[in-house]
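What follows is a set of notes on a single structure, which appears directly below.
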There are 2 protein chains.
Amino acid sequence: MPNLDKSLVADLPMFAGVEPDDLNDILREAQSIRYQKGTSVFQQDEEARSFFILLHGHLRVMKVTPDGQQVVVRYVTPGEIFGIAMAMGRTTYPATALAVVDSLALVWPSAAWPRLVAKNPSLAVNTIQTVGSRLQDAHTRVVEMSTEQVERRVAHALLRLAKQAGRKGEDGIQIDFPISRQDVAEMTGTTLHTVSRILSAWEDQGLVESGRQRISIRDPHKLFILAERPSD
Amino acid sequence: MPNLDKSLVADLPMFAGVEPDDLNDILREAQSIRYQKGTSVFQQDEEARSFFILLHGHLRVMKVTPDGQQVVVRYVTPGEIFGIAMAMGRTTYPATALAVVDSLALVWPSAAWPRLVAKNPSLAVNTIQTVGSRLQDAHTRVVEMSTEQVERRVAHALLRLAKQAGRKGEDGIQIDFPISRQDVAEMTGTTLHTVSRILSAWEDQGLVESGRQRISIRDPHKLFILAERPSD
DNA sequence: GGACCTGTTTGATCTGACGCAAACTGGGAG
DNA sequence: CTCCCAGTTTGCGTCAGATCAAACAGGTCC
């Protein structure tokens, strides 16, 4: 991998506590691969041959039900490790990862994982924290789905997207990858129709400004109130 | 801790790959504590002073929303590690754990965790797998909540309960701790009224047999069909 | 054995969100 | 410049499931 990446990678939480020399050894084993917009990094149920760190771009991770419905599990942001099915004791990927913009990732063979961890226990500790915080997120989402109604869930989803992938423009925070109504629906367990209606209403109130595969939040504070306030 | 527990504990997945001598050291640091039915092991947002392995009994882990609604995150079954907030990089527990029957757990101070893991890297590896499989479960639940309707979700919940805590009787599989309609509702994101109606209907069809805080599944196969079949 | 409490059942009504259908539009391809 | 298509908007009927309300029953305590 090119040298300029190393300085970026060295500061990632995943490599906290890893000695620079060891980090070099680890990085030497990786190759960097580009994924064009719309191509998949891996597919659900496919054998988990590799694990990854995203360097640049954005991925949508999604699960498909037996009857073909899709659910967006999360979006991967640069710096995150993903596809660590093998570390979790699986032999196949539990979901599909799709590049929503041109993306670049470091790729290791899954088989290297046990050796890297044995040599570098910090990796295991950091991985527990990563997986742990994803578990928290998932539980938060379960609670949301159980207790909140659709408008509130969409508000939360947008705020989360803004936090992870928000690009500040003059007129609010823009989500800096293409995202459709359908995508938001699949994040919140509703339909694109309902999302469209909600966004239209918010647009009228000056809360958001959106169009084709594009959403920007004009008034994050008001949206936050809407997301948190017990309905009144 | 009493000797008789050691043989049981040695076979737990959490201690796979740990040398017997090291395991003894680990267990020496634990105390075993009993929790009476109805008492809490720890509370949401409380400082995470300890982590645990359940030896006997059943715990309900739940989250409470700001406006007081409860959601059951999972039930803890003997052999499971729980309350490992600290390993996941948190300082407080993200949920409340309540003994639903008289229970017994091994308890370590959270502060011991880093040392135990440093001495015993297998612990970290096993923890990743444990947390990883909980993450899978949580995602499965998100997908369920997003795509399936209530009856199906309740069916899945019951089958999961039967698997984890089913006691085979002559007339089917009985869930071997007290569980109310309200509890099932909080597991599936619905109301106790709806759960009651569904169970009544199933009772008429001879699928289940239930009463006050008690559910047994008479025909697991039919229930499974109901849970999996695309509605028809 | 009766009172009482907690959990359960069942009915009636209401509504948020879905499903269907159709029209609309921005932006890329040729 | 125009065509075309994927993504979006909007109206309308419907229904699963929530909410409101009330009666009911199994256990436990005295």
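Convention: sequence-line order gives letters A, B, ...; per-chain numbering from 1.
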(request) Taking only heavy atoms on the protein side, list every residue of residues 194-217 of chain B lying under 4.0 Å from any atom of DNA chain D, sorted numerically. (result) B:T194, B:R197, B:R212

(message) Please tell me whether B:S210 and B:R181 have a donor and an acceptor in their side chains that are separated by less than 3.5 angstrom.
(response) yes

(request) Classify the angle between the aromatic ring planes of A:F52 and A:Y93 as parallel (below 30°), tilted (30 to 60°) or perpendicular (above 60°). (result) tilted

(message) Just the rounded figure in Å: distance from P of D:dG7 to CD of A:E186.
(response) 11 Å

(message) Looking at the base of C:dT8, is there any donor atom on it, or on the side chain of B:H193, that sits under 3.5 Å from an acceptor on the other one?
(response) no

(message) Contact between A:R90 and B:S133 at the side-chain level, heavy atoms closer than 4.5 Å - yes or no?
(response) no

(message) I need the CG-P distance between A:D183 and D:dG7, as an integer number of Å.
(response) 9 Å

(request) Give a yes-or-no answer on whether the side chains of B:E151 and B:W202 include a donor-acceptor pair shorter than 3.5 Å. (result) yes

(message) Side chains of B:S180 and B:D183 only: does a donor on one sit below 3.5 Å from an acceptor on the other?
(response) yes

(message) With the threshold set at under 4.0 Å for non-hydrogen atoms, list the residues of residues 58-66 of chain A touching DNA chain D in residue-number order.
(response) none

(request) Using only side-chain N and O atoms of B:S180, determine if any of them is under 4.0 Å from OP1 or OP2 of C:dT6. (result) no

(request) Return the value, rounded to whole Å, for the distance between atom CD of A:E151 and atom P of C:dC18. (result) 13 Å

(request) Say whether A:Q69 and A:D67, considering side chains only, have a donor N or O and an acceptor N or O under 3.5 Å apart. (result) yes

(request) Mind calculating the distance between NZ (B:K37) and C1' (D:dT28) to the nearest angstrom? (result) 12 Å

(request) State, to 0.1 Å, how close B:E209 and B:R218 come at their nearest heavy-atom pair, and which atoms those are. (result) CB-NE, 3.6 Å

(message) Testing the 3.5 Å rule here: is there a donor-acceptor pair between the side chains of A:Q164 and A:H58?
(response) no

(request) Specify the closest pair of heavy atoms between B:A48 and B:A85, including all atoms of both residues, with the distance to one decimal. (result) CB-CB, 3.9 Å

(request) Send over the distance from A:R181 CZ to D:dT10 C1', rounded to a whole Å. (result) 13 Å

(request) State, yes or no, whether a side-chain contact exists between B:T39 and B:L98 at a heavy-atom distance under 4.5 Å. (result) no

(message) Could you work out how much the helix from C:dG1-D:dC30 to C:dG30-D:dC1 bends, comparing the axis of its first five pairs with that of its last five, to 10°?
(response) 40°

(message) Whole angstroms only, please: what is the CG-P distance between B:L192 and D:dA18?
(response) 10 Å

(message) Testing the 3.5 Å rule here: is there a donor-acceptor pair between the side chains of A:T127 and A:T130?
(response) no

(request) Report yes if at least one side-chain N or O of A:T190 is closer than 4.0 Å to OP1 or OP2 of C:dC18; otherwise report no. (result) yes

